[in-house]
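Heads up: the structure comes next, in structure tokens.
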Amino acid sequence: MCGIAGIFHAETPKPVDPVRVERMCDALVHRGPDGAGVWTDLGVGLGHRRLSIIDIEGSPQPMPSADGRAVIAFNGEIYNFRELRRELEQEGARFRTSGDTEVILAAWQRWGVDCLDKLHGMFAFALYDLDKRQLLLARDRFGVKPLFMARLSDGSITFASELKGLLAHPLMRRRVNPEAIDAYMTWGYVPDSHSILSGVEKLPAGHFLLLEHGKPVAAPRRWYDISFADRAKGSEADLSAELVHLMREAVQSRMVADVPLGAFLSGGVDSSSVVALMSEASTDPVRTCSIGFDVAALDETSYAQQIAEKFGTDHDARTVGQDDFTAIGQLAAMFDEPFADASALPTLRVCQLAREKVTVALSGDGADEAFGGYRRQVFHHNEERVRSLLPQGLRSGLFGALGRAWPKADWAPRPLRAKATLLALAESGEAGYARGLSVTTAPERAALYSPVFTSKLSGFRGEDELIQLMQAAPARSGLDRAQYADLAFWLPGDILTKVDRTSMNVSLEAREPLLDHRLVEFAARLPEKMRVRGSTGKYLLKKCMERYLPHDILYRPKQGFVTPIASWLRGPLNGEARAIASSSVLGQSGWFDPRALSELAEEHISGRSDNSRVLWQLLMLDKSLTGLGVSE
């Protein structure tokens with residue numbers, strides 16, 4: 001796992017200052033503390049920071065091909081590189097190293113951009129072909145590894161694994177993108193379709209960009225997309241057996257490393273499944289780690305301990321205290337862009353714990369998106385049945401009126417918190433799902449914005465992108481469309497961003513076996529009843545793991561990482577919550593209505609409402625913009 005950066009002159013090839021590339025890489029030292037390198041040629045420069053995982057001594061980067069005609073800076077892992085190497089050797093390729101980086105170079109020289117389809121893994125790389133004078137920027141299927149890009153005033157295109165790499169370039173401007181602010185306030189993160197800074201883009205997951213000197217810069221092209229258009233056939237027993245086989249292969253392929261390896265273990269279905277299959281494949285005890293809170297209602301470490309004892313793992317657990325809010329400044333600096341998923345804090349802590357013993361850790365991320373494991377997906381699946389029975393006009397009038405009249409009872413038992421469901425049923429399936437996934441609705445955001453900022457948005461609404469994505473999805477049902485949205489939008493923007501930044505901050509490589517594309521493609525073909533059955537999500541995944549895991553692990557309610565931010569914002573952080581309306585960057589920006597922000601804080605601090613999620617959003621936005629040193 002590494003960090004990459006570079007500069008490309010698209011119009012007129014100009015010399016690239018290697019010191020400039022080196023400084024961009026220095027900003028990414030946490031991603032690769034084991035080595036650094038810079039390579040330049042007329043019109044191009046590539047830089048690399050290395051975290052050594054495979055072929056520790058033999059694969060320095062940027063790496064030239066054996067014939068010197070291509071050079072690559074690569075971030076990630078190719079899990080089938082040995083198979084590809086054998087195939088390429090049979091066709092005459094020769095290799096000097098034993099790692100995966102040189103295999104990508106040979107694959108490019110043999111198959112061109114079609115090599116991307118052959119790469120099984122997580123990656124973002126920059127590959128320059130000296131004969132063709134072309135630069136290929138590519139990102140993996142689901143966006144596990146990031147790649148930021150910007151076009152600068154001198155005509156050059158810069159790229160880096162993180163925004164802070166671009167910011168090390170002296171020509172980078174730091175102006176805020178208003179649409180990104182609204183998208184962030186909608187979702188709690190800046191999706192891949194935007195960047196917090198104007199002029200900065202993210203190469204989308206499953207896309208590549210091919211640049212050539214003297215030619216116009218084209219738009220990125222998609223090379224991979226997940227489809228829900230087909231359905232698998234077979235009995236539950238046959239599909240279950242195939243699923244276990246695919247999971248076993250995915251886990252074992254990600255256990256290849258020349259450094260200590262372990263796993264995150266939360267005690268949930270997904271991480272427990274990964275640990276079970278790792279234990280099956282390993283002759284030594286698997287190293288596992290978990291994080292809990294000193295708030296009993298939020299702590300799941302007893303379930304992790306149960307799995308650790310069952311499989312005899314070498315387990316470490318650590319409890320995070322209620323005063324851990326002191327790390328929020330570190331979080332803001334880590335993500336560059338505002339990021340309000342509060343589970344980033346325990347994720348950082350479990351990465352820090354893992355790094356004390358291992359350099360690579362396997363996680364259970366991806367299964368909820370692929371197999372229908374989120375509560376919102378189950379709700380949406382059942383809501384779609386109601387939508388199919390009633391015409392839009394009747395639904396809009398009946399459920400809309402009920403939803404508007406229903407109190408917002410955050411404090412009540414879950415069955416009584418029906419307001420969101422009623423309002424969602426009044427809308428189309430896509431709009432209803434966007435409502436359920438968002439942190440704030442368009443009317444709620446409008447009440448916070450100033451007239452000046454509203455005019456800057458020119459009618460832009462963050463949820464419209466997700467709605468349009470779902471409407472165009474290669475899918476057959478509402479559940480398909482919801483899962484497609486989670487895989488294509490939520491997963492790279494939130495989950496994978498969180499894991500990449502927190503793990504790389506401590507120089508830890510995180511691998512996601514349940515995001516193996518063959519496994520995800522299998523899940524996308526499953527009949528709906530094999531994904532969601534009644535109120536149970538991930539139905540087939542849970543059934544096939546019954547031979548490995550206890551019933552109470554498989555079928556207890558899903559919790560996930562939770563942090564006590566509501567109590568923090570009423571207690572030790574109440575001063576910061578109040579300051580958002582006045583002394584903060586947001587309070588001085590003119591983008592928000594100070595009175596609305598003040599009321600939001602006071603209602604929460606007094607206990608009249610739970611506004612913790614939106615206050616946390618605003619707090620992280622303020623700290624992020626302060627760290628970036630942005631201008632209007």
Check whether any side-chain heavy atom of [X] lies under 4.5 Å from a side-chain heavy atom of [Y], and answer yes or no.
| X | Y | result |
| --- | --- | --- |
| Leu135 | Leu127 | no |
| Phe489 | Tyr484 | no |
| Phe522 | Leu239 | yes |

Is it true that, when you exclude [X] itself, more than 12 heavy atoms of the residues, nucleotides or ligands shown sit nearer than 6.0 Å to its [atom1]?
| X | atom1 | value |
| --- | --- | --- |
| Arg173 | CZ | no |
| Arg221 | CZ | no |
| Arg133 | CZ | yes |
| Arg69 | CZ | no |

Hey, are [Y] and [X] close enough side-chain-wise for a donor-acceptor pair under 3.5 Å?
| X | Y | value |
| --- | --- | --- |
| Glu162 | His30 | yes |
| Ser477 | Glu528 | yes |
| Tyr433 | Asp486 | yes |
| Thr101 | Gln61 | yes |
| Gln109 | Asp67 | yes |
| Glu465 | His194 | yes |
| Glu369 | Tyr374 | yes |
| Gln483 | Arg531 | yes |
| Ser343 | Lys498 | yes |
| Gln134 | Glu212 | yes |

Test salt bridge (charged side-chain N to carboxylate O under 4.0 Å, His left out) on Lys538 and Asp368; report intermediate values, then the result. CA-CA 7 Å; Lys538 291 189 291 198; Asp368 286 318; 2.8 Å; yes

Sidechain N-carboxylate O distance under 4.0 Å for Arg141, Glu521: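 Not counted as a salt bridge, because no side-chain N and carboxylate O are separated by less than 4.0 Å.
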
Can you name the side chain to side chain contact (heavy atoms under 4.5 Å, CB included) partners of Ser156, sequence neighbours left out?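 Checked Ser156 against side chain to side chain contact (heavy atoms under 4.5 Å, CB included); matches are Ile7, His9, Leu152, Asp154, Thr158.
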
Between the main-chain N or O of [Y] and the side-chain N or O of [X], is there a donor-acceptor pair closer than 3.5 Å?
| X | Y | result |
| --- | --- | --- |
| Glu102 | Arg96 | yes |
| Glu11 | Gly214 | no |
| His207 | Ala205 | yes |
| Lys164 | Ala333 | yes |

Using 30° and 60° as the class limits, which term best fits the ring planes of Phe123 and Trp223: parallel, tilted or perpendicular?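 Parallel, since the angle between the ring planes stays under 30°.
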
Would you please classify the geometry between the Phe8 ring and the His213 ring as parallel, tilted or perpendicular, with 30° and 60° separating the classes?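 If you compare the ring of His213 with that of Phe8, the planes turn out parallel.
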
Between Glu509 and Arg511, is the salt bridge (charged side-chain N to carboxylate O under 4.0 Å, His left out) condition met? List the steps. CA-CA 7 Å; Glu509 174 170 303; Arg511 297 177 178 177; 2.5 Å; yes

For Ala344 against Thr502, the heavy-atom pair lying closest together: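 Minimum heavy-atom separation between Ala344 and Thr502: O-CG2, 3.7 Å.
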
